[in-house]
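Residue indices begin at 1 and follow the sequence shown.
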Amino acid sequence: ELRKNFKDKIVKVVKLDLNNEGDFSRINQKFDSILSSNVLEHIKDDVKALKLLKGLLKPKGRIIMYVPCHMFLFCDLDRAEGHYRRYTKKEIEEKSKKAGLKIKKAFWFNMFGIPARYLIGNILKVKKSPLNPLRLYNKFIPIFRFIEERIFHNIFGVGRIIVLEG
């Protein structure tokens with residue numbers, strides 16, 4: 001689908017299994033930045049994946065990633081979505097360090113998602129993300145972000161945004 005959508009543009013589409021060194025060996029360039037949003041929790045050996053991604057970075061290159069947090073939220077919905085885990089703050093710090101990456105910046109994201117996720121996944125035992133309630137929830141994100149940043153100063157959230165440097 002990506003190849004079809006970008007065939008007339010200057011975009012190179014490649015298959016990249018984050019645990020397959022062979023896939024990485026075919027990429028013969030280095031990058032300033034790598035963006036990973038809701039990916040790492042799907043990878044069985046996440047430390048290996050981080051090490052392989054680090055190998056694609058230029059000196060002082062960065063990986064900007066979003067990961068879901070808090071194992072108390074882990075439920076059948078996570079399993080259905082293909083998650084191996086949700087991260088604790090300490091776990092993502094340790095795994096980043098094992099991969100040879102330094103955390104330059106990290107902050108919590110979406111504290112209002114915690115009760116919603118707990119209700120949907122742990123109490124109601126939903127096994128597939130409901131689209132209509134999520135669309136409604138998404139409309140309130142700018143208000144939630146304002147409250148999180150200005151009142152609660154990003155002290156907690158359903159996920160973490162992390163900037164790693166190689």
Going by distance alone, is a donor N or O of one side chain under 3.5 Å from an acceptor N or O of the other, for Asp46 and Tyr87?
->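 Yes.
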Side chain of [X], backbone of [Y]: donor and acceptor closer than 3.5 Å?
X: Asn110; Y: Val158; result: no
X: Lys48; Y: Asn19; result: yes
X: His42; Y: Gly82; result: yes

About how many Å separate [atom2] of [Y] and [atom1] of [X], when rounded to the nearest 0.5 Å?
X: Leu2; Y: Lys12; atom1: CG; atom2: NZ; value: 14.5 Å
X: Ile63; Y: Ile103; atom1: CD1; atom2: CD1; value: 11.0 Å
X: Ser36; Y: Leu50; atom1: OG; atom2: CG; value: 8.0 Å

Looking only at heavy atoms, which two atoms of [X] and [Y] are closest? And how far apart?
X: Pro68; Y: Glu41; result: CD-OE1, 3.1 Å
X: Glu165; Y: Lys60; result: OE2-CD, 3.5 Å
X: Gly157; Y: Cys69; result: O-CB, 4.5 Å
X: Lys54; Y: Ala99; result: CD-O, 3.3 Å

Salt-bridge contact [X]-[Y] (side-chain N to carboxylate O under 4.0 Å):
X: Lys97; Y: Glu94; answer: no
X: Glu1; Y: Lys4; answer: yes
X: Arg117; Y: Asp78; answer: yes

Are any non-hydrogen side-chain atoms of Lys89 and Trp108 less than 4.5 angstrom apart?
->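 Yes. Closest side-chain heavy atoms under 4.5 Å.
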Going by heavy atoms in the side chains, are Tyr84 and Ile43 under 4.5 Å from each other?
->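 No, every pair of side-chain atoms sits at 4.5 Å or beyond.
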Passes side chain to side chain contact (heavy atoms under 4.5 Å, CB included), Arg79 versus Lys127? Steps please.
-> CA-CA 8 Å; Arg79 287 181 199 88; Lys127 290 181 173 52; over 6 Å; no
Residue pair Leu164, Met65: steps toward the side chain to side chain contact (heavy atoms under 4.5 Å, CB included) verdict = CA-CA 8 Å; Leu164 301 165; Met65 67 180 180; 3.5 Å; yes
May I have the step-by-step check of side chain to side chain contact (heavy atoms under 4.5 Å, CB included) for Ile92 and Leu40, ending in yes or no?
-> CA-CA 10 Å; Ile92 198 66; Leu40 204 58; 4.0 Å; yes
CA sep, side-chain torsions, deciding dist, call: Arg145, Phe109, side chain to side chain contact (heavy atoms under 4.5 Å, CB included) = CA-CA 8 Å; Arg145 288 299 300 152; Phe109 182 78; 3.4 Å; yes
Classify the ring geometry between Phe152 and Phe112 as parallel (under 30°), tilted (30 to 60°) or perpendicular (over 60°).
-> perpendicular
In terms of hydrophobic clusters joined by side-chain contacts under 4.5 Å, are Val47 and Val67 together?
-> no
